[in-house]
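This report concerns only the one structure given below.
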Amino acid sequence: MKVVYHEKYKEVYSGDPAARAGRIESIYDELYGQFEFVEPVPSNEGDLRLVHTQSHIDSIKRRKLYGNALLAVGGAIKASDLAMEGEPAFGLIRPPGHHASPSSCWGFCFFNNVAISVEKLRKDGKVWRAFIVDIDLHYGDGTASVFASKPEVSYYHMPGGTREEQLEKPSNHLSGERGYEILALSAGFDRHEKDWGGILKTRDYEEIGKMIRDCAERECEGRRYAVLEGGYNHSVLGKNVKALLRGME
Ligand SMILES: [Zn+2]
């Protein structure tokens, strides 16, 4: 399991909770020394165009955080490349991406990191069918809209409900999904009992990670990667990420 990380992810690029000071550090401190870290390079406009309209790209380009957003996309691409090489990976990236649609964005997102990384693998002929699982508290409307007319890529958002339901339903759904060549995880941690969702326990993330690993091993020769989406309580975020990676590795 490798962690894709860049010092610039620590930069506070806006006033939203995903960009808050100390958030990336809270994860870095838990993971550093436990996993091998690798550095990504920024993405480019050509990659963005795989998913986004030119007018959306131009609207973000006018903002100071454009460089941060390009580096987040680059981190997702790096994680997906590692997964293709047989190395599970986690993109410790921000800004997040799953609320970014082709021509709009909201919810602290600008470009859809996971969607672009999947589309790049597909464009390069490395995979055709992909499965994206999203465990963030919030529905990834951006990711869903990117792939609405592309049946080769399935998007599944973990449903709400009790803690037991939240763990059981994905397990059933994931075991029924077939035929994909890579499994990508939008890893949000805001369902945690001490985060906005107030439900999941830290050890549940390890269970989810194992679920992802088992499905990838059964279906796509183990090719799997995750990228950071939400998760806002710095006192538990790092531990939750580490639990997920321990399960996924
Ligand atoms: Zn969220």
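As the structure lists them, so they are numbered: ligands from 1, and atoms in each ligand from 1.
Applying the side-chain contact (heavy atoms from CB on, under 4.5 Å) criterion to Lys201, with sequence neighbours excluded, gives Arg163, Glu193, Arg203, Asp204.
Screening Tyr9, Tyr28, Tyr232 for a side chain to side chain contact (heavy atoms under 4.5 Å, CB included) with Arg23, the sole residue that qualifies is Tyr232.
Judged by distance alone, the side chains of Asp134 and His98 do bring a donor and an acceptor atom under 3.5 Å apart. Ser101 and Asp141 share no side-chain donor-acceptor pair at under 3.5 Å.
Around the Zn ion (ligand 1), the protein atoms of type N, O or S found under 2.8 Å away are Asp136 OD1, His138 ND1, Asp190 OD2, listed by chain and number.
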Report the C-alpha distance between Ser80 and Ser117 in whole Å, list the side-chain angles of each, state the deciding distance to 0.1 Å, and finish with yes or no for side chain to side chain donor-acceptor pair (under 3.5 Å).
CA-CA 6 Å; Ser80 71; Ser117 65; 4.7 Å; no
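Remark: aromatic rings of Tyr13 and Phe108 are distant, center separation not under 6.0 Å.
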